[in-house]
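Okay, so here's the structure we're looking at.
Indexing begins at 1, ligand by ligand and atom by atom, following the structure's order. Just so it is clear, the structure is predicted and the values come from calculations on it, not from any experiment.
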Amino acid sequence: MFNSFGPAHVLLPPLVGCTCLYRSSDPRGNVIMLAMLAIWAVLVGQHYFSSGQAAHILASVIQASFLVFAQALSVIIAVAAYRLSPLHPLAHFPGLWVDKVTSLRVAYLALTGHRAKHVTSLHDRYGDVVRIGPNRVSINSSDAIYPIYASPQAFDRAASYRPGLIHDGSLLFSRKRVEHGHRKRIWAGALTSHAIQHWDGALKDRVDQLIDCIARRQDLRGVIDLGVCIEHWGFDFIYDVIFGINCNTPEFMRNGDPHNICRSAKNSIVLFEVLGEIPTLFDIASVLPVTEEYREVERHFQKHINERMQINPHSDWDFCSFFMAQREDAQYPPLSKPDLNADALVAFEAGGDTLAGFLSIIIFYILKHQPVYEKLRAELEQVFPLGEIAQDRYGSLTEIPYLVAVINEGLRLGANFAGFQRVVPQGGAVLAGQYVPGGTVVGVPAHLQHIHPDNFWPMPLEFRPERWFKDGLGPGTITRQSAFMAFQFGPFGCVGKTFAYRQLNVVLSRLLLAYDLKFAPDFDSKAFVQGWLNIRTTIFNYPLKVQASRRQW
Ligand code: HEM
């Protein structure tokens, strides 16, 4: 079989190359595939011409395929052995052997929505610092939050933010702090307090529509799937904000989602989250049909961007105006069209989907805790005795302390994020008292920090909004704001945080004033919790069925 090439000739170079290189960065999957193809073609040619038997092309193909397969297998075995060996720089961190060898298992768990549970079980078993991937360490310590995320020298984002071969010109996929900072300044212009206030009118109209939509979709018992109504509201409103209220948007609350745009947008987030765990495979998968649903959403947005560029391109407050950076006070050059499309999509998914998911979770917790529901309603009624909130008072909702506490408590328990991946800079860093080598991917699991007794005490697992007040759950109440990671911190933190609070405050208050809400008679809250998955997007496999009756004022 090896008559033209010796085994050492074929196997040694990739063995050495991969063993050395694989630790420092996730190699590009497409480059590996092309290299293998090139090696295969050379081997076919070599065998074909050296054998001198033109008829033996099939034999050449078989031999070359065998050698390339053997080569790939030897590389996989060598890389696995290296990752398990004491020579690996992360060898001293505890963890499961399978996670040390490959990220495939964690990717699978991400797909099934059980990654957070897996990370929890690993920390329970091995302690605060655990190796959860070949080159990845999870750190369940609030000491690590500041250096990794919040400090001005916060670590760069890891390759998990690399969307394969899909265009990566958006804020979310920008991984280096400096270039990211430039793009973020454009976004920040669209989300100043002045800009946010500008959206109060559209927000009012969309919440009016949500209140009508709930009435329209009720069955004979007054029951609706509130999660779907809120999702449609969230996507309708974010469309306004991205493209402007004069654009031709799908109107989900009115028309439903016949083209499955909401579902495809959510599936795209799942795709990025799962394949982000294995960036090398993402490079290959991104040219396969598995990404077709995302391409569909991309095409859909392209259509809207084209329309938006025709209409009054530089004189409004929508995100596109700022992204095109053609306002009179613009300081930065306009984004290219692919970048514009990528940022619009990120706004749609980060703004519309995340907000709607968390709003549903907060409502679930409120309805599950009747005393909280009663207390919040009483507070709202005291401030708004006529049951109406004038638009010019939207900003003042932050001054209703219990409302803010309820929202924060829902965000605390709902932020089921398994760890935002960052890269330790060259030279390494001491994190949670341990030296972590440069190039290692690290992350602090938000969901574990949010229930850590050192950060939130007492009853860290329970929904108790009172904890957000000084000594609210008795003397010694601990509420560590610096461990509250729902919006992340620092340079890569959520740019829409203030806008998110504005929307949560307004929608929640108005819904509670407009309707008496309770779970549907056959609603099973245990089944809801079991069916609620976080794959960066929130998926409710069991619907949030709520009985709503209009309040009379
Ligand atoms: C309850 C609502 C929200 C929550 C819990 C939330 C949470 C987060 C978190 C944790 C991140 C960091 C992600 C990472 O580094 O991987 C993030 C980023 C981001 N969020 Fe939000 N978000 C919310 C609402 C919004 C809204 C309403 C918008 C826009 C209108 C928005 C836009 C963004 C953008 C653009 C990023 C990327 C920021 C960057 O790369 O610097 N988010 N969000």
Exercise. With rounding to the nearest 0.5 Å, note down the distance linking NE2 in His123 to NE2 in His118.
Key: 10.0 Å
Quiz item: Is the shortest side-chain N to carboxylate O distance from Glu466 to Arg464 below 4.0 Å?
Solution: no
Quiz item: Any Lys/Arg nitrogen of Glu251 or Arg206 sitting under 4.0 Å from an Asp/Glu carboxylate oxygen of the other?
Solution: yes
Self-check item: Min N/O separation Arg536 to ligand 1 under 3.5 Å
Solution: yes
Looking only at protein heavy atoms, which one is nearest to [atom], and how far off is it?
atom	result
atom 32 (C) of ligand 1	Ala350 CB, 3.7 Å
atom 8 (C) of ligand 1	Cys494 CB, 3.6 Å
atom 28 (C) of ligand 1	Gly351 CA, 3.5 Å

May I ask you to identify, for [X], whether its side chain, its backbone, both or neither come under 4.0 Å of ligand 1 on a heavy-atom basis?
X	answer
Ala486	backbone
Lys184	side chain
Phe487	both

Practice problem: Describe, in one word, how the ring planes of Phe237 and Trp199 are oriented to each other, choosing from parallel (under 30°), tilted (30 to 60°) and perpendicular (over 60°). | Solution: perpendicular
Practice problem: Test salt bridge (charged side-chain N to carboxylate O under 4.0 Å, His left out) on Glu298 and Lys303 and set out the steps. | Solution: CA-CA 9 Å; Glu298 202 179 38; Lys303 204 181 76 198; over 6 Å; no
Exercise. Using non-hydrogen atoms of the residue, decide whether Ala347 is closer than 4.0 angstrom to ligand 1.
Key: no
Exercise. Flag the pair Phe420 / Phe492 as yes when their ring centroid distance falls below 6.0 Å, and as no otherwise.
Key: no
Exercise. With atom 15 (O) of ligand 1 as the reference point, say which of Gln488, Glu273, His180, Arg157 has the nearest heavy atom.
Key: Arg157
